[in-house]
Enquirer: 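Before I ask anything, here is the structure I am working with.
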Amino acid sequence: MKAIVDCNSFYCSCEKLFRPDLNNKPVVVLSNNDGCIVSRSDEAKQLGIPMAGPYFEAKHIIQENDVAVFSSNYNLYGDLSMRVMETLRSIAGKGNVEVYSVDEAFVDLNIIPAEELYKTAKLIKDTVEMWTGISVSIGVGPTKILAKLANHIAKKNKTATGCVSVLATTEERRNALKKTRINNIWGVGGAYANKLINLGITSAWELALMSEEWAYQNLGGVVGVRLIKELHGEQAIDMKKELLEKKMIATTRMFGSPVNNINDIKEAVATYTSRAAEKLRRQYSAAKVISVFVVKKEQDHMLNFRQGGTISDCITLPVATSITHELIKPALTLVDKIYKRGNEYKKAGVMLSGLERDSSIQGNLFKPETKNCGRRLMDMMDNINFSQRDDILKFASSGTTRNWKMRQELRSGRYTTRWEELFEVH
DNA sequence: TCTGGGGTCCTAGGACCC
DNA sequence: TCTGGGGTCCTAGGACCC
């Protein structure tokens with residue numbers, strides 16, 4: 001059996017942790033650039049504030065109801081996430097926890113006898129809450145998809161379930177499938193949900209009655225087959241080993257306001273490249289392919305605010321590298337290629353792929369000495385930037401004017417990761 | 001008029017997730 | 001006026017090989 005442990009309204013819970021005055025008050029957290037609402041406390045959900053909707057559209061509800069609003073504070077969320085995951089590892093054993101996202105992890109409960117599953121889930125829940133202050137919901141089932149389904153049920157009715165739901169027997173599984181709508185199944189997104197509804201399939205139960213052959217034809221080949229198997233309780237999606245290296249690393253941002261000057265775009269792209277290179281070094285990888293894209297500000301943004309016009313290009317490097325300035329150079333060449341005068345741009349991004357182990361970490365006899373110096377310089381920069389202040393050391397091409405910098409006007413303190421912002425009790 | 005039968009590797013794009 | 005930023009996996013199709 002597997003459990004999925006999911007932090008309740010994670011970003012909001014992190015903010016509330018340091019603001020006891022907001023207990024039982026509505027809270028929302030905004031995406032980068034203060035654009036969308038990406039987390040809502042239960043009280044905010046009850047006010048009818050939609051998930052992932054634009055901030056400006058919900059502003060009137062927010063003001064009328066005195067909702068507390070925060071910009072995203074990833075330093076804080078990242079640190080609290082680590083504490084939650086460490087707690088899970090200490091309870092379940094290191095090898096039995098798969099971190100799935102910043103606020104979710106699968107826990108392998110194979111050694112727990114059926115009659116103790118609920119008790120164990122409850123123990124996990126109480127311990128995480130006691131040690132970190134973050135409340136969680138837990139779903140338990142024979143497969144990942146059924147665990148997610150159980151979790152959905154637990155969250156939907158917190159008072160009745162106590163945020164814990166276990167699907168151990170055939171009977172429990174059947175009832176759960178019957179009351180779950182198709183679009184709440186993990187792995188069924190908008191496109192598949194529409195297709196299924198058109199075919200008259202509206203509940204998870206009805207979907208589970210379909211054959212694997214049918215799923216192969218209609219739900220994306222092997223992906224659909226796995227879905228049906230998992231709904232039947234047959235494991236088709238394995239637990240992953242921890243600390244897998246990423247296969248792609250991206251840093252992309254909306255600009256605070258539209259930009260038309262190529263130098264501003266270059267500053268932004270150089271900055272994003274530095275950020276991406278840091279992520280690269282953190283997992284000891286080097287990149288062989290660098291892509292850069294820009295997105296034009298659309299003319300009619302009500303019609304296609306998400307698509308926009310994306311223009312991208314990429315360069316394959318002769319040798320994979322993790323050295324910032326070796327990546328900035330091709331990145332800026334790419335900006336020259338894709339930038340068109342007279343256009344307004346709202347977003348840019350850098351993606352690193354073709355990742356390999358970084359061979360310059362250990363001294364390399366077959367590479368000129370300068371190569372290793374580069375890596376040492378990078379390590380020093382990373383250390384200083386991490387321990388002091390972001391970007392206290394940076395490359396000149398990243399610029400100093402930063403006309404393009406994103407909005408982030410309502411961020412709380414980085415209480416747990418910066419000495420000068422440490423939480424104080426008076 | 002007739003034109004094989006395998007492979008592999010790479011890329012673009014679509015679907016999904018949080 | 002104002003609509004995020006990461007990721008993953010899979011498939012189809014083209015290029016290329018013998």
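So you know, we letter chains A, B, ... as the sequences are listed, proteins then strands, and number each from 1. Predicted, not measured: the structure shown is a model, and the values here were computed from it.
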Enquirer: Could you check which of B:dC16, C:dG6, C:dG4 has an atom nearest any side-chain atom of A:C36?
Expert: C:dG4
Enquirer: Do A:Y11 and A:F70 have ring centres separated by under 6.0 Å?
Expert: no
Enquirer: Mind checking the C1' distance from C:dC17 to B:dG4? Whole angstroms is fine.
Expert: 14 Å
Enquirer: Rounding to a whole Å, what distance do you find between A:M51:CE and C:dG4:C1'?
Expert: 11 Å
Enquirer: Identify whether any heavy atom of A:D34 sits under 4.0 Å from a base atom; if not, whether one sits that close to sugar-phosphate; answer base, sugar-phosphate or nothing.
Expert: nothing
Enquirer: Round to a whole Å and report the spacing from NZ of A:K148 to P of B:dC16.
Expert: 15 Å
Enquirer: Fit a plane to each ring of A:Y415 and A:F18, take the angle between them on a 0 to 90° scale, and name the class: parallel (under 30°), tilted (30 to 60°) or perpendicular (over 60°).
Expert: parallel
Enquirer: Over how many whole Å does the gap from A:L280 atom CG to C:dG6 atom C1' extend?
Expert: 16 Å
Enquirer: Any base atoms under 4.0 Å from A:V222, or only sugar-phosphate, or nothing? Heavy atoms, all strands.
Expert: sugar-phosphate
Enquirer: Please tell me which of A:N32 and A:K246 maps to the more 5' nucleotide of DNA chain C, matching each residue to the nucleotide holding its nearest heavy atom.
Expert: A:N32
Enquirer: Closest approach to the side chain of A:K247, judged atom by atom: which nucleotide of C:dG6, B:dC18, C:dT8 is it?
Expert: C:dT8
Enquirer: Over all strands shown, is A:T251 touching base, sugar-phosphate only, or nothing at heavy-atom distances under 4.0 angstrom?
Expert: sugar-phosphate
Enquirer: Can you figure out which of C:dG5, C:dT3, C:dC10 approaches the side chain of A:R253 most closely?
Expert: C:dG5
Enquirer: Over all strands shown, is A:L30 touching base, sugar-phosphate only, or nothing at heavy-atom distances under 4.0 angstrom?
Expert: nothing
Enquirer: Ignoring the backbone of A:K347, work out which of C:dG5, C:dC10, C:dC2 is nearest its side chain.
Expert: C:dG5
Enquirer: Between A:R226 and C:dC10, is there a side-chain N or O to OP1/OP2 distance below 4.0 Å?
Expert: yes
Enquirer: Between B:dC17 atom P and A:E230 atom CD, what is the distance in whole Å?
Expert: 14 Å
Enquirer: Nearest of C:dG6, C:dG4, C:dT11 to any side-chain atom of A:V38?
Expert: C:dG4
Enquirer: Any side-chain N or O of A:K195 below 4.0 angstrom from OP1/OP2 of B:dG14?
Expert: no
Enquirer: Across all strands shown, which nucleotide pairs with B:dC18 by Watson-Crick or G-U wobble geometry, both distances under 3.5 Å?
Expert: C:dG5
Enquirer: Which nucleotide in the set B:dC18, C:dG7, B:dA15 lies at the smallest distance from any side-chain heavy atom of A:M248?
Expert: C:dG7
Enquirer: If the threshold is 4.0 Å, N to carboxylate O, is there a salt bridge linking A:D238 and A:K144?
Expert: no
Enquirer: Salt bridge or not for A:E43 and A:K16, using N-O below 4.0 Å?
Expert: yes
Enquirer: Using atom CD of A:E278 as one end and atom P of C:dG6 as the other, report the distance to the nearest whole Å.
Expert: 13 Å
Enquirer: Measure from the side chain of A:M254, starting at C-beta and using heavy atoms only, and say which of B:dA15, C:dT3, C:dG7 lies closest.
Expert: C:dT3
Enquirer: From CD1 of A:I185 over to C1' of B:dC17, roughly how many Å is that when rounded to an integer?
Expert: 15 Å
Enquirer: Reckon A:Y55 touches a base, only the sugar-phosphate, or nothing at all at heavy-atom distances under 4.0 Å?
Expert: nothing
Enquirer: Should A:T252 be listed as having a side-chain N or O under 4.0 Å from OP1 or OP2 of C:dG6?
Expert: yes
Enquirer: Separation of A:N184 atom CG from B:dC17 atom C1', in whole Å?
Expert: 14 Å
Enquirer: Looking only at the side chain of A:K279 (C-beta and beyond, no hydrogens), which of the listed nucleotides C:dC9, C:dG7, C:dT3 gets closest?
Expert: C:dG7
Enquirer: Picking from C:dC2, C:dC10, C:dG6, which would you name as closest to the side chain of A:F56?
Expert: C:dC2
Enquirer: Run the numbers on A:K148 and A:E104 for salt bridge (charged side-chain N to carboxylate O under 4.0 Å, His left out), then give the verdict.
Expert: CA-CA 10 Å; A:K148 290 283 279 187; A:E104 279 180 54; 2.6 Å; yes
Enquirer: Looking at the rings of A:F106 and A:W186, which for Trp means the six-membered one, are their centres under 6.0 Å apart?
Expert: yes
Enquirer: Step by step, work out the salt bridge (charged side-chain N to carboxylate O under 4.0 Å, His left out) result for A:E86 and A:R89.
Expert: CA-CA 5 Å; A:E86 276 306 314; A:R89 290 189 191 99; 2.8 Å; yes
Enquirer: Whole angstrom is fine here: how far is it from CZ in A:F293 over to C1' in C:dG4?
Expert: 11 Å
Enquirer: Tell me what A:G349 touches on the nucleic acid: a base, only sugar-phosphate, or nothing, going by heavy atoms under 4.0 Å.
Expert: nothing
Enquirer: What's the closest nucleotide to the A:S31 side chain, out of B:dC18, C:dG4, C:dC9?
Expert: C:dG4
